[in-house]
Amino acid sequence: MSAPLLAAHGLSKTFVAGGRRAVALDGVSLSVAPGETLGLVGPSGCGKSTLARVLLRLTEPDEGRIDFAGAELSALKGERLRRMRPRIQMVFQDPLSAFNPRATVADAVGDPLRIHRLVPRRERPAAVAALLERVGLSAGLAGRPVHAVSGGQRQRVAIARALATRPEMIVLDEAVSALDVTVRGRILDLLVSLQRERGIACLFISHDLAVVRAVSHRIAVMDGGRIVEEGLARQVVAEPRSPTARALVAAVPRLAAGGGI
Ligand SMILES: Nc1ncnc2c1ncn2[C@@H]1O[C@H](COP(=O)(O)OP(=O)(O)OP(=O)(O)O)[C@@H](O)[C@H]1O
Ligand SMILES: [Mg+2]
């Protein structure tokens with residue numbers, strides 16, 4: 001395997017809220033190679049989203065270190081951190097819900113181009129149209145409010161937005177979990193083809209092992225803030241070793257029988 005693009009060592013994070021302590025991350029280490037998709041799967045509350053947020057420097061860990069593309073990401077501040085942000089992008093379950101209701105599809109996709117000053121203003125409509133086309137959306141959607149497109153279209157817009165900065169890595173947190181099975185399958189196909197075409201590394205997070213299996217080269221299984229198992233995707237599914245992985249396989253009868261999603 002080539003040198004990792006992303007490497008995390010000993011990440012820990014405990015939340016204290018209302019007198020309760022929640023250990024969300026308890027010494028997590030992982031690495032992702034350039035162009036590789038690492039699937040991260042585990043039961044609700046095991047720390048997946050916290051790990052995603054910590055890797056993106058949206059939540060500060062209590063302990064641990066993150067290296068990305070040869071720099072110590074966890075130590076970057078100010079302008080140097082800002083310059084790193086376009087290189088690692090994120091897609092959430094409903095990433096556009098936080099947008100102003102009047103924001104259009106063109107705003108959602110074009111904002112990163114403007115914010116990071118990647119494309120001059122007059123070239124932006126063409127750049128947005130090309131991104132929409134690449135994710136299978138008509139350029140005619142550009143003027144539509146993001147709140148007025150379907151869930152599947154909205155997730156394609158979110159992927160186009162994430163691609164806008166030409167990132168080396170994308171973190172997807174339950175990005176297809178709210179979609180119906182047919183739409184989900186099409187979005188997963190799109191992700192796999194984009195990932196191959198552009199050599200983008202992915203951390204693909206889901207509580208659903210079948211979905212993770214469909215897109216990942218390797219899978220890490222998380223439980224209670226720790227990674228309890230890690231291996232090639234087909235190996236983890238065919239021969240799960242940890243009780244957590246076994247339970248996740250058993251929860252998807254088609255997988256247990258050797259099928260796909
Ligand atoms: N901002 C926060 N404040 C307090 N506790 C938090 C916060 N964020 C997460 N937690 C707690 O940390 C633990 C891990 O949560 P996290 O959201 O990372 O899990 P998850 O694996 O993403 O779950 P899900 O599959 O339901 O999305 C949980 O116990 C959760 O309640
Ligand atoms: Mg989560």
Side-chain angles (χ1 to χ4, degrees), residues 6 8-32 37-66 73-74 88-98 151 154-155 158-159 161-162 169-181 184 187-188 191 201-216 218-231 233 236-237 240 242-252 255 261:
L6 176 89
H9 305 279
L11 295 175
S12 293
K13 178 74 184 177
T14 297
F15 290 103
V16 181
R20 262 191 70 243
R21 280 163 49 88
V23 180
L25 300 179
D26 184 9
V28 170
S29 300
L30 58 78
S31 67
V32 183
T37 298
L38 175 67
L40 180 69
V41 66
S44 183
C46 74
K48 303 181 297 295
S49 295
T50 303
L51 178 58
R53 294 181 55 83
V54 165
L55 292 175
L56 283 139
R57 291 288 312 270
L58 300 172
T59 295
E60 287 306 306
D62 301 328
E63 273 177 65
R65 169 181 170 137
I66 306 158
L73 176 60
S74 46
I88 171 163
Q89 291 286 305
M90 180 147 185
V91 177
F92 300 91
Q93 182 162 328
D94 188 2
L96 306 176
S97 60
R154 210 166 338 158
Q155 218 48 341
I159 294 167
R161 177 181 166 86
M169 178 153 186
I170 300 184
V171 175
L172 300 110
D173 187 5
E174 305 284 2
V176 299
S177 303
L179 305 175
D180 72 49
V181 171
R184 173 186 300 171
I187 301 253
L188 292 176
L191 285 170
C202 292
L203 178 65
F204 186 94
I205 300 173
S206 174
H207 62 277
D208 183 334
L209 181 59
V211 167
V212 166
R213 168 72 182 94
V215 296
S216 305
R218 281 188 303 131
I219 293 177
V221 180
M222 211 172 158
D223 203 353
R226 294 166 172 263
I227 291 184
V228 295
E229 180 162 349
E230 198 177 340
V236 171
V237 170
S242 60
T244 312
R246 280 199 211 116
L248 289 166
V249 170
V252 189
L255 268 187
I261 64 163

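No hydrogens, no waters, no symmetry mates; every other heavy atom, side chains included, goes into these values. Order of appearance sets the numbers: ligands from 1, and atoms from 1 within every ligand.
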**Asked** Would S242 and E229 count as having a side-chain donor-acceptor pair, cut-off 3.5 Å?
**Response**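 Short answer, yes.
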**Message:** Testing the 3.5 Å rule here: is there a donor-acceptor pair between the side chains of D173 and S49?
**Reply:**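 Result is yes, a qualifying pair exists.
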May I ask you to identify the nearest protein heavy atom to [atom], giving residue, atom name and distance to one decimal place in Å?
atom: atom 29 (O) of ligand 1; answer: A22 CB, 3.8 Å
atom: atom 3 (N) of ligand 1; answer: F15 CD2, 3.5 Å
atom: atom 17 (O) of ligand 1; answer: S49 CB, 3.8 Å
atom: atom 12 (O) of ligand 1; answer: A24 CB, 3.5 Å
atom: atom 26 (O) of ligand 1; answer: S44 OG, 2.5 Å

**Request:** Check whether any N, O or S atom of S49, backbone or side chain, sits closer than 2.8 Å to the Mg ion (ligand 2).
**Result:**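 Looking at S49, which is the residue asked about, there is an N, O or S atom under 2.8 Å from the Mg ion (ligand 2).
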**Item:** Closest approach of V41 to K48 (non-hydrogen atoms, all atoms of both residues)
**Value:**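 For V41 and K48, the tightest heavy-atom pair comes out as C-CD, 4.1 Å.
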**Message:** Checking contacts now, so for atom 31 (O) of ligand 1, which I'm interested in, is there any protein heavy atom under 4.0 Å?
**Reply:**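 When distances to the protein are checked, atom 31 (O) of ligand 1 has no heavy atom within 4.0 Å.
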**Prompt:** Hey, is atom 9 (C) of ligand 1 under 4.0 Å from any protein heavy atom?
**Reply:**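 Under 4.0 Å from atom 9 (C) of ligand 1, at least one protein heavy atom found.
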Are any of the N/O atoms in [X] less than 3.5 Å from those in ligand 1?
X: A17; answer: no
X: C46; answer: yes
X: K48; answer: yes
X: G45; answer: yes

**Minimum non-hydrogen distance to atom 16 (P) of ligand 1, winning option of L40, T59, L51, T50** =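 Closest candidate by heavy-atom distance is T50.
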**Asked** Quick one: CE on M169 to CG on L55, what's the gap to the nearest 0.5 Å?
**Response**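 Answer rounded to 0.5 Å: 7.0 Å.
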**Request:** For the pair D94 and R154, evaluate salt bridge (Lys or Arg N to Asp or Glu O under 4.0 Å) and give the outcome as yes or no after the intermediate values.
**Result:** CA-CA 8 Å; D94 188 2; R154 210 166 338 158; 3.3 Å; yes
**Prompt:** Pick from L40, L191, L38: which one makes a side-chain contact (heavy atoms from CB on, under 4.5 Å) with F204?
**Reply:**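 Only match with F204 under side-chain contact (heavy atoms from CB on, under 4.5 Å): L191.
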**L73 side chain reached by R57 side chain, heavy atoms, under 4.5 Å** =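 Yes, at least one pair of side-chain atoms sits under 4.5 Å.
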**Asked** Short question: side chain of S12, backbone of G27 - any donor-acceptor pair under 3.5 Å?
**Response**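 Such a contact is found between S12 side chain and G27 backbone.
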**Asked** Counting N and O atoms only, with roles assigned by atom type, does the side chain of Q93 sit under 3.5 Å from a partner on the main chain of V176, one being a donor and the other an acceptor?
**Response**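 Flag not set: sc Q93 to bb V176 has no pair under 3.5 Å.
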